[in-house]
Amino acid sequence: MTTSIVRATCPHDCPDTCALLVTVEDGVATQVRGDPDHPTTAGVLCTKVSRYTERTYHKDRLLHPMKRVGRKGEGRFERISWDQALDTIAARLKAIAARDAQAILPYSYAGTMGLVQGESMASRFFNKLGASLLDRTICASAGGAGYKYTMGARIGTDVEQFQNARLILIWGGNPIASNLHFWMRAQEAKRRGAKLIAIDPYRSLTAEKCHQHIALLPGTDAALALGMMHVLIRENLVDEDYIARYTHGYDALRERAAEWTPQRTAETCGISVEEVEQLARDYGALARQGEPVAIRINYGLQRVRGGGMAVRNITCLPALVGAWRHAAGGVQLSSSDTFPKNSAALQRPDLLKKQVRTLNMSTIGDALLEEASAEFGPKVEAVIVYNSNPVAVAPESPKVARGFAREDLFTVVLEHFQTDTADHADILLPATTQLEHTDIHATYGHLYMMANNPAIAPLGEAKPNTEIFRLLAQRMGFDDACFYESDDELAAQAFNAKDARAIHFDWDSLKRKGWQKLNAPDAPFAEGGFATPSGKCEFYSERMKADGLDPLPSYIPPYESRASNPELAKRYPLAMISPPARNFLNSTFVNVQSLRDTEGEPHLDMHPVDAAQRGIEEGNQVRIFNDRGSFIAKVRVTDKAREGLVVGLSIWWRKFAADGKNANEVTSQRLTDMGNAPTFYDVLVQVEKV
Ligand SMILES: Nc1nc2c(c(=O)[nH]1)N[C@H]1C(S)=C(S)[C@@H](COP(=O)(O)OP(=O)(O)OC[C@H]3O[C@@H](n4cnc5c(=O)[nH]c(N)nc54)[C@H](O)[C@@H]3O)O[C@H]1N2
Ligand SMILES: Nc1nc2c(c(=O)[nH]1)N[C@H]1C(S)=C(S)[C@@H](COP(=O)(O)OP(=O)(O)OC[C@H]3O[C@@H](n4cnc5c(=O)[nH]c(N)nc54)[C@H](O)[C@@H]3O)O[C@H]1N2
Ligand SMILES: [Mo]
């Protein structure tokens, strides 16, 4: 028997991007382990990815191309050859492009975070074709925009520094489920005496393990940050020297913060005055003593109308107290912009020869149901989906499913499995998994560039996304040299190896070593250096003003809450959130039996008072509904959900639920204040026993 160990990288949409060691015995991957030498992975994998071989060799893997034989959405297919599949697609796309290529829409997200199997050959293909562009907003664009207005770029505290912090605010995240290797650092900080505070409407697994849990109302984080500013300024807990040197607009901020008394803040957030004051004092007093105080902002707080502003306001706090002076102080939202990525080389926007429209992935339901018009442009006639499962994950799924069920829509899906979206394909193509292809990864939670070497040969007739688009390009007659580049050539172009941050490695050495840390300063903003127009941390932002936003931190209430929409709340009095379940990765892994068994079935967590009012008991099946739709789940009566809030951990495949629906039946397509992102957690519902 021949055994080898291959260096790989976890491809999933998670900040941790772990270094993997894959054991291969006679061409079969038998084990996937975390690399013990990689500092952030530290030899530890989550339950999901330690089952990666179970997913790769799953009996339901798609192994050859197929064409639809049943009704649209029915999910009945018959095997065809690659030639037949590619010829059919090329003929159809050519016919549409002859009228207007903008009627063709690519739809993709982060099924793999790899820069090669993500947006490289695929983007080249759609640019050359002149298809509609896709605004990839479904996850992080609200907070990203708020952070960039304030800080200039998505650069923050290194995850490897958090164990040295004396106070950590875990704000709108559940790292035990979704950022495990940050949680390991936070645990170490706790052992060294740090205080951990979770700010989350739900008593998540993480909130249960923190010293304190502040259970504010969903969508009110921006107000809490303003209340903290009020107390910090009132009690002189700010760092005047840091403010004078490295921030812009303090006087205006002080006036704004003066409006946010602890009383007003507490009422807005549904918490006590003491909680507001104590939080500010804990944070400001430690900073004043010269101790590092750190904030981890995650995604929970961004998925509401004012999600961008919430991130912006929180991001002002470290500059106010001078927390950036320490490597272990400051804030981490994302490390994305520390990476010297070269997206233009991979995606080749220069191949796009004329101005085309951009459609937002978060409103795909409306886009697919829209008729041609001067304003909208041509009706969408074809969708090519890769690295995503929109029928399950996009908001307001009654409309998404109706759109994908259009008999006149030509749909191609590149997938590992027959997902809810794949059920709607006309042509279904088998894609390789991370064990079967080459890739290179930047991350959003640590500072290592990562390589993925293929461990095994493609299963069945599966092909990498890149290869599928290369073959399609040939069929379309695209003969530019860039359509012939190999995955290795693409990986070598993915980052600028001359950039000072990456000067010590190239693709060849990265492939051999598996990972390399970027050169980046330990305390990135200890002496200012913000990439904003003023070069400072911008409490006041001219750019926000120019974009029609309040230039100062402010509070934008949710679209749907008891306070902001009392009329709607009469019919739908409960706020609903649907954050990730621990054993799923968005909708990936829901079909892995051992993981689905652990999650059981779709649940709804409900406070005892809300349950009693509705005659609902533990274990009852309930219907969750509003004007957009309804779905069914099994109730867990628990005070983990604060009163007035229900929580449905997600994202279930529709077809695994009793009624063939999931939480996105009731979410809306309304967008955030910045970044055009979805508002998954800005939802009112009613619940009744079935
Ligand atoms: N196991 C697992 N890991 C994942 C994922 C997964 O699906 N499963 N998904 C990956 C992806 S794509 C992403 S974007 C990240 C997400 O990473 P996180 O943002 O850490 O996501 P969650 O674990 O859902 O944590 C969100 C928390 O925010 C809380 N929350 C909801 N609304 C609000 C609010 O208005 N204010 C505040 N303060 N909190 C609120 C929720 O109750 C929840 O506990 O995780 C990644 N990692
Ligand atoms: N209600 C609700 N909805 C949500 C969220 C929520 O918290 N609540 N979270 C939102 C967030 S944060 C996100 S990021 C989105 C995530 O939405 P998506 O990005 O659509 O993520 P997944 O559901 O994991 O689907 C990814 C698909 O890509 C496939 N895939 C993986 N690798 C490859 C590959 O190499 N090639 C091809 N062709 N396919 C591949 C996988 O098999 C999987 O089916 O969902 C959003 N939707
Ligand atoms: Mo996400």
Side-chain angles (χ1 to χ4, degrees), residues 11-16 46-48 55 107-114 117-118 122 136 138-140 170-180 182 198-207 214-221 224 296-304 307 310 361-362 385-390 392-395 397 413-417 419-422 429-434 436-437 439 444-445 462 464-465 468 558 575-591 641 645 647-651 653 662-664 666-667 678 680-683:
H12 290 295
D13 187 353
C14 168
D16 297 22
C46 66
T47 343
K48 305 175 293 298
R55 185 174 185 277
Y107 196 98
S108 69
Y109 201 62
T112 169
M113 295 275 300
Q117 304 305 333
R136 293 184 169 80
I138 205 155
C139 176
I170 299 179
W171 205 321
N174 177 15
I176 292 184
S178 52
N179 189 186
L180 187 63
F182 161 79
I199 303 174
D200 191 319
Y202 178 61
R203 203 170 70 240
S204 67
L205 290 171
T206 305
I214 299 179
L216 79 184
L217 289 165
T220 63
D221 302 87
L224 181 56
R296 175 69 167 120
I297 308 182
N298 247 303
Y299 295 87
L301 56 93
Q302 302 182 29
R303 311 207 185 293
V304 292
M361 72 184 304
S362 301
V385 182
Y386 52 102
N387 303 340
S388 187
N389 183 12
V393 308
S397 41
V413 178
L414 286 61
E415 251 301 348
H416 300 149
F417 294 103
T419 60
D420 292 327
T421 306
L429 301 175
T432 45
T433 69
Q434 188 79 340
E436 301 150 70
H437 57 227
D439 221 322
Y444 59 102
N465 292 343
I468 297 174
M576 186 194 90
I577 59 173
S578 51
R582 184 182 192 177
N583 293 287
F584 302 152
L585 195 296
N586 300 321
S587 78
T588 305
F589 294 103
V590 178
N591 63 327
L645 176 78
V647 182
L649 298 181
S650 289
I651 306 171
W653 283 21
N662 72 16
N664 279 320
V666 298
T667 57
F680 289 113
Y681 305 165
D682 189 333
V683 178

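Atom set for the values below is all heavy atoms of this structure, side chains included, hydrogens, waters and symmetry mates excluded. As the structure lists them, so they are numbered: ligands from 1, and atoms in each ligand from 1. Given the structure is predicted, the values throughout are model-derived calculations rather than measurements.
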- [ ] Answer with side chain, backbone, both or neither: which part of L414 has a heavy atom less than 4.0 angstrom from an atom of ligand 2?
- [x] both
Task: Distance-only N or O hit between ligand 1 and S204, under 3.5 Å - done: no
- [ ] Only heavy atoms count here, so choose which of F680, Y109, Y107, F417 is nearest to atom 19 (O) of ligand 2.
- [x] Y109
TODO: Among all protein heavy atoms, pick the one closest to atom 30 (N) of ligand 2 and tell me residue, atom and distance.
DONE: H416 CE1, 3.8 Å
Open item on the list: Among all protein heavy atoms in this structure, tell me which lies nearest to atom 21 (O) of ligand 2, with the distance rounded to 0.1 Å.
Closed with: N586 CB, 3.8 Å
Task: Q434 to ligand 2, any heavy atom closer than 4.0 Å - done: no
TODO: Check each heavy atom of N298 against ligand 1 and say whether those closer than 4.0 Å belong to the side chain, the backbone, both or neither.
DONE: both
- [ ] Return a yes/no value for T220: is any of its N or O atoms, backbone included, closer than 3.5 angstrom to an N or O of ligand 1?
- [x] no
TODO: Give a yes or no on whether the backbone of S397 and the side-chain of N664 come within a donor-acceptor separation of less than 3.5 Å.
DONE: no
Task: Pick from L216, D221, I138: the one approaching atom 34 (C) of ligand 1 most closely through a non-hydrogen atom - done: D221
Task: Within reach of ligand 1, part of Y299 (heavy-atom separation under 4.0 Å) - done: both
- [ ] Using distance alone, determine whether F584 and ligand 1 share an N or O pair under 3.5 Å.
- [x] yes
TODO: Consider every N or O of G300 and every N or O of ligand 1, then say whether any pair is closer than 3.5 Å.
DONE: yes
Open item on the list: Would G219 count as being in polar contact with ligand 1, using the rule that some N or O on each side must be under 3.5 angstrom apart?
Closed with: yes
TODO: Measure the distances from the heavy atoms of T432 to every atom of ligand 2 and state whether one is below 4.0 angstrom.
DONE: yes
TODO: Measure A207 to ligand 1 on non-hydrogen atoms and call it side chain, backbone, both or neither using the 4.0 Å cut-off.
DONE: neither
Open item on the list: Under the side chain to side chain contact (heavy atoms under 4.5 Å, CB included) test against V393, which residue among C139, P678, S587 passes?
Closed with: S587
Task: Distance-only N or O hit between ligand 1 and C139, under 3.5 Å - done: no
TODO: Identify the protein heavy atom lying closest to atom 45 (O) of ligand 2, giving its residue, its atom name and the separation to 0.1 Å.
DONE: V393 CB, 3.4 Å
- [ ] Check each of S578, P678, A663 against atom 2 (C) of ligand 2 and report the one with the nearest heavy atom.
- [x] S578
Task: Closest protein heavy atom to atom 4 (C) of ligand 1, given as residue, atom name and distance to 0.1 Å - done: S178 CB, 3.2 Å
Task: K48 N/O under 3.5 Å from ligand 1 N/O - done: yes
Open item on the list: Tell me the contacting part of I651 for ligand 2: side chain, backbone, both, or neither, using a 4.0 Å heavy-atom threshold, strictly below.
Closed with: side chain
- [ ] Determine whether the side chains of N174 and T206 contain a donor N or O and an acceptor N or O closer than 3.5 Å.
- [x] yes
TODO: Begin from the C-alpha positions of N389 and T421 and carry the test side-chain hydrogen bond (donor to acceptor under 3.5 Å, both in side chains) through to its verdict.
DONE: CA-CA 5 Å; N389 183 12; T421 306; 2.5 Å; yes
Task: atom 29 (C) of ligand 2: the protein heavy-atom neighbour that sits closest, reported with distance to 0.1 Å - done: E415 OE2, 3.3 Å
Open item on the list: Just so I know, are the side chains of V385 and P390 near enough to count as touching, which here means a heavy-atom distance under 4.5 Å?
Closed with: yes
TODO: Indicate yes or no: does an N/O atom of A177 lie under 3.5 Å from an N/O atom of ligand 1?
DONE: yes
Task: For ligand 2, the portion of S388 having any non-hydrogen atom under 4.0 Å away - done: both
TODO: Considering only non-hydrogen protein atoms, determine which one is nearest to atom 14 (S) of ligand 2 and report residue, atom name and distance to 0.1 Å.
DONE: D13 OD2, 3.3 Å
Open item on the list: Below a 4.0 angstrom heavy-atom separation, can you tell me which part of Q302, side chain or backbone, both or neither, approaches ligand 2?
Closed with: neither
Task: Part of T588 with heavy atoms under 4.0 Å of ligand 2, whether side chain, backbone, both or neither - done: both
Open item on the list: If the contact criterion is a heavy-atom separation under 4.0 Å, does H437 count as touching ligand 2?
Closed with: yes
- [ ] List the closest protein heavy-atom neighbour of atom 23 (O) of ligand 2: residue, atom name, distance to the nearest 0.1 Å.
- [x] S587 OG, 2.5 Å
Open item on the list: Does the structure place the NZ or CZ of R55 under 6.0 Å from the centre of the six-membered ring of F589, at an angle of no more than 45° from the ring's axis?
Closed with: yes
Task: Any M113 heavy atom less than 4.0 Å to ligand 2 - done: no
- [ ] In sequence, state the C-alpha distance, the side-chain angles, and the governing distance for S108 and M361, and then conclude on side chain to side chain contact (heavy atoms under 4.5 Å, CB included).
- [x] CA-CA 8 Å; S108 69; M361 72 184 304; over 6 Å; no
Task: Residue list, side-chain contact (heavy atoms from CB on, under 4.5 Å) with A207, at least two apart or on another chain - done: A198, R203, S204, H213
Open item on the list: With side chain to side chain contact (heavy atoms under 4.5 Å, CB included) as the criterion, how do I170 and F182 come out once you've worked through the C-alpha distance, each side chain's angles and the decisive distance to 0.1 Å?
Closed with: CA-CA 10 Å; I170 299 179; F182 161 79; 4.1 Å; yes
